[in-house]
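This report concerns only the one structure given below.
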Amino acid sequence: YPARLGDRIAPLIGALPGEVLVCDSTSIDLFKLASAVALQRGTRRKIVTELGNFPTDLYILRGLAQLVPELDVVAVPREQLSAAIDQNTLLVVLTHVHYRTAEMYDLKAMTAHVHSVGARIIWDLSHSIGALPVDLSAAEVDFAIGCTYKYLNGGPGAPGFLYVRRDLQATLQPVLSGWLGDARPFDFLDEYMPAPGIDRHRCGTPPVLAYAALEGALDAFDGVDVESVRRKSIELASLFIALVEDLPQASSLQLVSPRNSARRGSHLSFAHADAGAVMQRLIKRGVIGDFRAPDLLRFGLTPLYLRFVDVWDAVQILGEELD
Ligand SMILES: *Cc1c(COP(=O)(O)O)cnc(C)c1O
């Protein structure tokens, strides 16, 4: 499953066969890749990431720095990232589509900037995969991670994935060197020898039932062109925004996602003074979004499953509950 499902999701992110492994969770996959990069740190000391990034990304990196005290985790606001990425930077860790605002990086330009100072990048694709086209190969991305339970709908507990560009695979030595990442696990040898290719990032026994559910979810993507998924996502979002702004109560809601769809992923967030209570009421009526403290209503638009009439109904109900 780990390699076979990896090859199935690879086309969704512009990866080649043998570059993606489905395993563990996003958090653990981040630790696995960041710690393996840390082994290659040479004289570089800095890991740069964004303040306000999804918390696990910050927490995992800081945990790694406790283990490797020479490493310095520098978390800065988005506007200060370019300046923070310098010749002392080993690694940059960024989330392509922001979990709160849906603001999206120019993945290719940022990757090129990171490479221009000789650093590596790990992209977190949790809010990208299955919702919009990503072309890791074209951008020459080093590493990526993500989950399969958001837009891929793999279900609760669905495993994460990691991507390692092919030319980096042979020298990237796993720190979590579990037996299933060994070249010959069933020889039960005393000395670990990493498996060739992406398989070395396997760790322990995989949760087979969770993979089986994910495989079923991936069937929905067979023959689906991600560009058309993206087009529908943008149309759903445009309709959602237009209908919200037509509500009599529109002035109590403020769109915090970028209005320009080219700079936005596939969810929409609106600020509202009483967002927690409003979302509770929406969920009771079957409109299942998220409340993100302190004041955000977040609506995920999964293009393969959601219809335009669902958007229409959801905004109608939002208006009624605001009343
Ligand atoms: C959802 C999400 C995660 C989740 O990490 P898990 O280890 O799968 O719980 C990580 N990063 C980002 C950016 C996310 O949005």
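One-based numbering, in listed order, for ligands and for the atoms of each.
Scanning all protein heavy atoms for the shortest distance to atom 1 (C) of ligand 1 gives Lys150 NZ, 1.5 Å. Among protein heavy atoms, the minimum distance from atom 3 (C) of ligand 1 is reached at Phe54 CE2, 3.4 Å.
Both tests do not hold together for Arg298 against Phe270: distance to the six-membered ring centre under 6.0 Å, angle to the ring axis within 45°. Taking the ring axis of Phe161 as reference, the NZ or CZ atom of Lys150 does not stay both within 45° of it and closer than 6.0 Å to the ring centre.
Residue-ligand proximity, His127 to ligand 1, at heavy-atom distances under 4.0 Å covers atoms 15 (O). Below 4.0 Å from some heavy atom of Thr95 lie the following atoms of ligand 1, by number and element: 13 (C). Close contacts of ligand 1 with Tyr149, meaning ligand atoms under 4.0 Å from a residue heavy atom, involve 1 (C), 4 (C), 5 (O), 6 (P), 8 (O), 9 (O). In the vicinity of Thr56, heavy-atom distances shorter than 4.0 Å reach the ligand 1 atoms 10 (C).
Within the 4.0 Å heavy-atom criterion, the part of Asp57 lying near ligand 1 is the side chain and not the backbone. Heavy atoms of Thr26 found under 4.0 angstrom from ligand 1 belong to the backbone as well as the side chain. At a 4.0 Å heavy-atom cut-off, ligand 1 touches Ser27 through backbone and side chain alike.
Note: an N/O pair closer than 3.5 Å links Asp124 and ligand 1 by distance alone. Residue Tyr99 has no nitrogen or oxygen atom sitting less than 3.5 Å from a nitrogen or oxygen atom of ligand 1, judged on distance alone.
The six-membered or imidazole ring of His127 lies near that of His267, with a centre-to-centre distance under 6.0 Å. Close placement of the Phe240 and Phe299 rings is indicated, their centers lying within 6.0 Å of each other.
In plain terms, the two heavy atoms of Gly154 and Leu214 that are nearest each other are CA-CD1, 3.9 Å. In plain terms, the two heavy atoms of Leu180 and Pro206 that are nearest each other are CD1-CD, 3.8 Å.
Residue Arg281 places its CZ atom among 12 or fewer non-hydrogen atoms of other residues, nucleotides or ligands, all under 6.0 Å distant.
With hydrogens and angles left out, the side-chain atoms of Ser128 and Trp123 include no donor and acceptor closer than 3.5 Å.
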